Each structure stands twice: as structure tokens, then as C-alpha cells.
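Worksheet for the structure shown next.
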There are 2 protein chains.
Amino acid sequence: MNKDLICPRFEKAMNIISQRWTGLIIYQLLNGPQRFSTIESTIGISGRVLSERLKDLELEGIVKREVYPETPVRIEYSLTEKGISLEPLMKDIEIWSQTWIEKDIH
Amino acid sequence: MNKDLICPRFEKAMNIISQRWTGLIIYQLLNGPQRFSTIESTIGISGRVLSERLKDLELEGIVKREVYPETPVRIEYSLTEKGISLEPLMKDIEIWSQTWIEKDIH
DNA sequence: ATAATTACTTACATAAAGTAACTAACTTAC
DNA sequence: GTAAGTTAGTTACTTTATGTAAGTAATTAT
């Protein structure tokens, strides 16, 4: 009885973006390549879930992982072209939040 | 040690949008007012969670609930001005999905 | 030898979501 | 008038996701 089905591609995109933490990780990586511990402390995600999310995002082709064998090892996460293509979307959320979300919300 | 903190308003907005099902509910309501059972079957959410989400979205001022005392009762959910203001964002996700998500993904 | 660093992983606890049956209020069919 | 149907939920219970805190591997510094 439901006339208008939801486009599966839209649904897939929404599932990626709307997974907990994913948006903040991508937003954070728009500032340039970053290491695990930086992302972890900046957005306040647990290491367990960050590790999981970065793997998923790598599989989706949104995030790229690079190893620099220094001491201690440095691993940098950055956005691929596909990841960077999400920037306008992130900016939209930013702009929306500035209009519709109150200043004093914690 | 983390220079760039995340803007709390952005974070709040992201938390709303990125909560599971929220995006699809809003997207669905862009087609106009709809009743509980229609949303439920169109996006494939469980009644338990839909009920919860609609309450949250009403509290956020994004969704409006209206009762029509017919038989059986008709209750329509629709977007407020704040809700409608999310349309450009939804369209961006739609456009992004058309470029970056494969056709044959289920 | 001990401690420190980074990028994880593991085991366990808690919170969120899915499932399916149930309810309230009313109407229509038998 | 009793049973069955309708919508918009709720409730109890199960499964899945996330949080927490400790542990690991590789390497260097003290």
C-alpha cells in the first residue's frame, strides 16, 4: 500500500552517513590526514568503535590508511576522492546547525 | 593535544541527523504529511522505534503531530519549518548517492 | 630492566534496536 | 450482541551495537 518506495542508493548513502560517529569522523578528516589517537580524542569516540568505523569506511572507499614506519609507528587516515566529495554535505549540516541549533546546547 | 575542537552546534545537528532512522523519516516526510503505518511500512522501521523517533523529533521541533478523530483515528505526522529546512541537505545526500553509490547494491 | 609511545584488540557491561504479541477505542459484519 | 477489523501505539523479551577498561606488539629512551 506504500506508493513511494525509497531509492536504494539513497538508503545506502543514508545508512553510511547516519551510522553513529561516521559523520563526525569524515568531518574531522576534512581538516586533513590524521592519526588514530587524534581522531579518538577530538571527537570523543572509543578506540574500539573508531577502529571498527575506520575499517568500514576504508571498505566503502571513503577513507585511506597509510603507514609510516617511524618510531613509534605513525598511521595516517585521510579521505579519498569519494570521502572529499562529502564536503558539501558536511557544510550543509554546519550551516543548518548555525541557523537551527541553539548556542547553549551542550 | 587536540587543536581543533568540534563545534557543539555542528555536533548536536549531526547527532540528530545521524541517529538511526531519523534521516529516512525526515526524507519520507518531505513527500508530505503521513500516518504512522505508512512511514512504518515504507521505510521498514519497527513500530517500537518509530514511535520513539517521532517523539524525539517532535521534541526537537522537526516533526508535528496532528490528530483527526475519524474512525479509525487518523494521526498525521508532518515536517515543521525546521524540518523542511533540512530538505537541501536531503537532496545533497540524494545527489551524492547517485554519483557514488553503485546501482546494484541492495 | 623498566617505562613510554602508538595503534590497536579483547573481554565484559550497558544501551539501543528488532520481534512479536498485546491494548484501546471505535466500527462493521454476522 | 458478539466477533472481527482498523489504527496507533505499548510491553516484554531477544539480539545487536556501543562503551569501558585492561591487555598486546613493536620499538625506543632511561
Side-chain angles (χ1 to χ4, degrees), chain A residues 1-3 6 11-12 14-29 32-60 62-79 106, chain B residues 1-3 6 11-12 14-29 32-60 62-79 106:
Chain A
M1 304 293 162
N2 40 349
K3 309 139 207 234
I6 284 187
E11 205 174 340
K12 175 88 196 291
M14 188 59 98
N15 283 344
I16 295 172
I17 293 159
S18 80
Q19 206 176 18
R20 204 173 198 165
W21 296 114
T22 299
L24 285 179
I25 293 168
I26 293 167
Y27 181 75
Q28 186 58 23
L29 289 177
Q34 278 167 66
R35 41 206 316 188
F36 193 93
S37 57
T38 308
I39 304 172
E40 193 177 8
S41 62
T42 307
I43 71 177
I45 189 179
S46 72
R48 202 192 67 73
V49 176
L50 179 55
S51 169
E52 202 172 291
R53 286 296 180 280
L54 288 170
K55 274 180 199 156
D56 293 347
L57 288 170
E58 216 187 328
L59 279 175
E60 289 293 345
I62 290 171
V63 160
K64 191 172 49 195
R65 180 181 189 268
E66 283 191 282
V67 182
Y68 299 89
E70 302 168 357
T71 293
V73 69
R74 179 163 58 99
I75 291 167
E76 284 202 337
Y77 292 93
S78 57
L79 295 176
H106 42 268
Chain B
M1 300 287 166
N2 41 348
K3 307 136 208 243
I6 283 188
E11 206 173 339
K12 175 85 197 295
M14 188 60 97
N15 284 344
I16 295 171
I17 295 160
S18 80
Q19 205 176 18
R20 204 173 199 167
W21 297 111
T22 299
L24 284 180
I25 293 168
I26 294 167
Y27 181 75
Q28 187 58 23
L29 289 177
Q34 277 166 69
R35 40 206 318 187
F36 193 92
S37 57
T38 307
I39 304 172
E40 192 177 10
S41 63
T42 308
I43 72 178
I45 189 179
S46 72
R48 203 192 66 73
V49 176
L50 179 55
S51 169
E52 201 172 293
R53 285 296 179 280
L54 288 170
K55 274 179 198 156
D56 294 348
L57 288 170
E58 216 187 327
L59 279 174
E60 289 293 345
I62 290 171
V63 160
K64 190 172 49 194
R65 180 182 189 269
E66 284 192 281
V67 182
Y68 299 88
E70 302 167 357
T71 291
V73 69
R74 179 163 58 100
I75 291 167
E76 284 202 337
Y77 292 93
S78 57
L79 295 175
H106 41 267

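Sequence lines set the chain letters: A, B, ... in the order given, protein chains first and strands last, and positions in each chain run from 1. Note that the structure is predicted; figures quoted are calculated from it, not measured.
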Worksheet item: Looking at A:R53 and A:E58, does any basic side-chain N land under 4.0 Å from a carboxylate oxygen?
Response: no
Could you list the protein-to-nucleotides 6-12 of chain C atom pairs, N/O on both sides, closer than 3.5 Å?
residue, atom, partner, partner atom, Å
C:dT6, O3', A:R35, NH2, 3.1
C:dT6, O3', A:V73, O, 3.3
C:dA7, OP1, A:R35, NE, 3.0
C:dA7, OP1, A:R35, NH2, 3.3
C:dA7, OP1, A:I75, N, 3.1
C:dA7, OP1, A:I75, O, 3.4
C:dA7, OP2, A:S37, N, 3.4
C:dA7, OP2, A:S37, OG, 3.1
C:dC8, OP1, A:R65, NH2, 2.5
C:dC8, OP2, A:Y77, OH, 2.3
C:dT9, OP1, A:K55, NZ, 3.0
C:dT9, OP2, A:S51, OG, 2.5
C:dT9, OP2, A:K55, NZ, 3.3

Measure the shortest side-chain to side-chain distance between [X] and [Y] over non-hydrogen atoms and say whether it is less than 4.5 angstrom.
{"X": "A:Y68", "Y": "A:E76", "value": "yes"}
{"X": "B:I17", "Y": "B:T22", "value": "no"}
{"X": "B:D56", "Y": "B:Q19", "value": "yes"}

Worksheet item: CD/A:Q34 to CD1/A:I25 distance, rounded to the nearest 0.5 angstrom?
Response: 11.0 Å
Worksheet item: So among B:R35, B:E66, B:R65, which one has a side chain to side chain contact (heavy atoms under 4.5 Å, CB included) with B:I75?
Response: B:R65
Item to complete: Identify the two heavy atoms, one from A:I43 and one from A:W21, that lie closest to each other, and give their separation to 0.1 Å.
Response: O-CZ3, 3.3 Å
Item to complete: State, to 0.1 Å, how close B:I39 and B:L29 come at their nearest heavy-atom pair, and which atoms those are.
Response: CD1-CD2, 4.0 Å
Practice prompt. Could you check whether B:T71 gets within reach of a base, just the sugar-phosphate, or nothing at all, counting any heavy atom under 4.0 Å?
Written response: sugar-phosphate
Worksheet item: If you walk 5' to 3' along DNA chain D, what is the first nucleotide with an atom under 4.0 Å of a heavy atom in chain A, and what is the last?
Response: D:dT18 to D:dT28
Item to complete: Applying salt bridge (Lys or Arg N to Asp or Glu O under 4.0 Å), run through B:K12 and B:E60 and close with a yes or a no.
Response: CA-CA 11 Å; B:K12 175 85 197 295; B:E60 289 293 345; 3.5 Å; yes
Worksheet item: Any donor-acceptor pair under 3.5 Å linking the side chain of A:S51 with the backbone of A:G47?
Response: no
Worksheet item: Using rotation axes that map the C1' atoms of four end pairs onto the next four (five pairs an end), what angle separates the end axes of the helix from C:dA1-D:dT30 to C:dC30-D:dG1, to 10°?
Response: 20°
Worksheet, complete the sentence: note: B:R20, atom CZ; C:dA17, atom C1'; distance rounded to Å ~ 6 Å
